[in-house]
Amino acid sequence: MSKTKEPQTHSISSRQQCPQGKGLESIEPLVRSVEETPDPIPTTIKGTMPTWINGSFLRNGPGKFEFGKDRYTHWFDGMAMMHRFHICEGNVTYSSRFLRSDSYVLNSEKNRIVVSEFGTLAMPDPCKNIFARFFSRFQVPKATDNASVNFVKYKGDYYVSTETNYMRRVDPQSLETKEKVDWTQYIAVNSATAHPHYDREGATYNMGNSYGKSGFFYNIIRVPPPDEKAAAEDSADLYGAKVICSIRAAEPRKPSYYHSFVMSENYFVFIEQPIKLDLLKFMLYRIQGKSFHKVMTWEPQYETIFHLVNRHTGKESEVKYRGAPMFTLHQINAFEDDGFLVMDMCCGDDGEVIGDFTLENLRRDSGEEMDKFYNSLCRNLPRRYVLPLTVDEQTPLDQNLVTLQNYKATAKKTKAKEVYMTHEELYDDELLQYGGLEFPQINYDQYNGRPYRYFYSCGFGHCFSDSLLKMDVHTKELKVWRYPGLYPSEPVFVASPKATDEDDGVVLSVIITPREEKSTFLLVLDAKTFTELGRAEVPVNVPYGTHGVFNMMG
């Protein structure tokens, strides 16, 4: 892979642009183990809960951080806990259940950690003799099915997902754990992201890795829409899944980590970023007694490569689009405009953030210790990249190919079949005081892959989000919901039944606080004005989570 040829477009990193934290409070209560609430309990409604909201807000995330005397090291390692806020005719009930993954069941039976996770290596059974314990180091560890990241849909069924080859089908009403699903039994990939895309015909698209003698590949997967037979059977169904494009890794021994990908109406874009997985270390990490997150490194000597793929043919463009090194977890949206592909995403300049979220760091004391950790973290900010879709032999060298009005991003052909891009900062300075943003969401059903105006996200004035933001990408203006001591979850947009405007609906977010026991509430904001309509207070503790969806079927 070629090294960086041009200077980055900004001389100040995203971390340096945002204010330093000072006197930050401890958030230790947000990463404590909690009890599940399997039977729905009533909530206390304050304000107004619109009666047209009928369905379930489903959330996922870590909820148990120890077994017996064993403790998990990293926040991602906690056992998956599913949450359901059922909203009907102005009333809300709450329930939660731990995912009965093999990891959870085996750990519970042994009352210790026996399955390795992202940041915690399971130790050999102390009851085994010394020779058995030694040789167990050389066994390839089985991937975890602790699916704690997101709720996803395939052929109309809900699954909870992480980033291994395993998912678990779940009942979105009872939160009952159903069968374990192994991607490798359906298709030649050994993982899949927890952030698939959906088209308007009901098909689902995702990405997974494969590797062998011919190299390391990033694969785009398509799972077809449900058929009538599938609807009649209560079983997992990924039949018909196929790889529609395989993208060869630029560095076969150091492939890139990725968390999501870009989809517009006619294209996919896979972003090969400089967070690298060292495959040699990966093979040796169990022998060395290291956890998985130790094999990931931020290597900014490499550029970012944007791989463009035609959605309909599965063909990868021969043109390689490159840019300065950057780190991205979540894309906001992408759309096509007059021969260009416009991509908006949350980006940072330091990809070492993933390994930093250890429970030791998150449980630091208030004040200097917490400030020091927070100030070391990357800040992610919204950026816009613009890819020219038609680049050929006649395309001139070294001139900006982006001709769209009011766009500041650039793209220059540097040599045959190569374009170097610089981004546009998709924000005004006001955003910086909220610590940058993450967990972006849009009116997905109507605007994913299409020109749009608004997105909703979390502001990060602390290690966990401490504000909710609405951004107008046309004007870069912000609307903000923020109160001291309150920590919101990813905002999810729900359109009103007769919506005509993009932001006609509500935004749902779960709010937790370390300051008071059993004081969680479901917040409902008017999406247009970003003002509070109502809240549903829950009389149990809820930990900080990851991602969620709204299930209209309820």
Side-chain angles (χ1 to χ4, degrees), residues 1-2 4-6 8-10 197 205 207 218 220 244-245 247-250 256 258-274 302-347 381-426 440 442 447-452 455 473-474:
M1 190 187 299
S2 47
T4 305
K5 301 179 188 116
E6 297 189 15
Q8 297 187 40
T9 55
H10 47 278
H197 277 293
Y205 300 86
M207 293 203 65
Y218 315 104
I220 300 173
I244 60 175
C245 181
I247 300 165
R248 184 182 292 274
S256 292
Y258 58 93
H259 190 72
S260 60
F261 64 104
V262 173
M263 187 176 88
S264 69
E265 289 205 275
N266 295 295
Y267 295 93
F268 301 107
V269 180
F270 169 66
I271 301 162
E272 195 170 11
Q273 59 186 355
Y302 294 110
E303 292 178 329
T304 304
I305 303 178
F306 301 81
H307 298 271
L308 179 69
V309 177
N310 186 300
R311 264 186 67 185
H312 309 293
T313 66
K315 185 178 179 182
E316 183 183 359
S317 171
E318 293 183 355
V319 178
K320 286 290 177 281
Y321 300 85
R322 300 181 181 275
M326 63 86 166
F327 157 69
T328 183
L329 286 174
H330 301 113
Q331 280 68 60
I332 302 167
N333 198 10
F335 58 92
E336 294 146 47
D337 186 356
D338 196 21
F340 295 88
L341 178 57
V342 181
M343 304 187 308
D344 298 344
M345 60 191 77
C346 298
C347 303
L381 298 166
R383 292 178 180 171
R384 170 167 287 178
Y385 291 86
V386 180
L387 280 67
L389 294 171
T390 305
V391 178
D392 54 28
E393 293 84 355
Q394 281 71 49
T395 304
L397 289 172
D398 298 323
Q399 72 178 52
N400 184 17
L401 304 177
V402 180
T403 55
L404 298 172
Q405 285 191 332
N406 302 318
Y407 284 66
K408 296 177 183 176
T410 68
K412 295 180 181 180
K413 181 181 172 184
T414 52
K415 61 183 180 181
K417 299 180 181 178
E418 193 161 300
V419 172
Y420 191 90
M421 304 190 304
T422 63
H423 63 268
E424 173 183 350
E425 303 287 12
L426 202 61
I442 61 169
Y447 288 88
N448 184 59
R450 296 175 174 173
Y452 75 114
F455 74 90
V473 298
H474 291 181

For the pair E418 and K320, find out whether any cationic side-chain nitrogen is under 4.0 Å from an anionic carboxylate oxygen. no

Taking the side chain as C-beta and beyond, is there a heavy-atom pair between N448 and I442 under 4.5 Å? yes

So, Q273 side chain and T328 main chain: donor-acceptor pair closer than 3.5 Å or not? yes

Flag the pair L389 / L308 as yes when at least one side-chain heavy-atom distance between them is below 4.5 Å, and no otherwise. yes

Salt bridge (Lys or Arg N to Asp or Glu O under 4.0 Å) involving R450 - partner list, sequence neighbours excluded: E265

Considering all heavy atoms of both residues, which atom of L401 and which atom of P396 are nearest to each other, and what is their separation? CD2-O, 4.3 Å

Working to the nearest 0.5 angstrom, can you tell me the gap between I244 CD1 and T313 OG1? 9.0 Å

Give, for atom OG of S264 and atom CG of D337, the distance between the pair rounded to the nearest 0.5 Å. 11.5 Å

So SG of C346 and CG of L329: to nearest 0.5 Å the spacing works out to 9.0 Å

Working to the nearest 0.5 Å, report the span between CZ of F335 and CE of M263. 15.0 Å

For Y420 and T414, the nearest pair of non-hydrogen atoms, with its separation, is CB-CG2, 3.7 Å

Between CD1 of I271 and OG of S260, what distance do you get to the nearest 0.5 Å? 7.0 Å

Can a cation-pi geometry be assigned to R311 and Y205, taking NZ or CZ under 6.0 Å from the six-membered ring centre and within 45° of the ring axis? yes

Do the side chains of M207 and Y258 get nearer than 4.5 Å, heavy atoms only? yes

For N400 against A411, the heavy-atom pair lying closest together: OD1-N, 3.2 Å

Is the centre of the F270 ring less than 6.0 Å from the centre of the F261 ring? no

Using a 4.5 Å cut-off on heavy atoms from C-beta on, say whether the side chain of P388 contacts that of Y321. yes

Are any of the side-chain heavy atoms of F327 and T304 separated by less than 4.5 Å? no

Closest heavy-atom pair and its distance - G323, E303: O-CB, 3.4 Å

Minimal heavy-atom distance between Y302 and P274, with the atoms involved, is O-CG, 3.4 Å

Q405 meets the side-chain contact (heavy atoms from CB on, under 4.5 Å) criterion, sequence neighbours left out, with none

Would you say L387 and F340 make side-chain contact, with heavy atoms under 4.5 Å? no

Under the side-chain contact (heavy atoms from CB on, under 4.5 Å) rule, what do V309 and Y267 come out as? Steps first, then yes or no, please. CA-CA 6 Å; V309 177; Y267 295 93; over 6 Å; no

Have a look at D344 and tell me which of R383, E424, H423, R384 forms a side chain to side chain contact (heavy atoms under 4.5 Å, CB included) with it. R384

Among E393, E318, E316, which residue meets the salt bridge (Lys or Arg N to Asp or Glu O under 4.0 Å) test with K417? E318

Are the side chain of K413 and the backbone N or O of D392 linked by a donor-acceptor pair below 3.5 Å? yes

Working to the nearest 0.5 Å, report the span between CD of E272 and CD1 of I305. 5.0 Å

Please walk me through it: do E336 and N266 pass side-chain hydrogen bond (donor to acceptor under 3.5 Å, both in side chains)? CA-CA 8 Å; E336 294 146 47; N266 295 295; 2.7 Å; yes

Identify which one of I220, I247, V269 satisfies the side chain to side chain contact (heavy atoms under 4.5 Å, CB included) criterion when paired with H307. I247

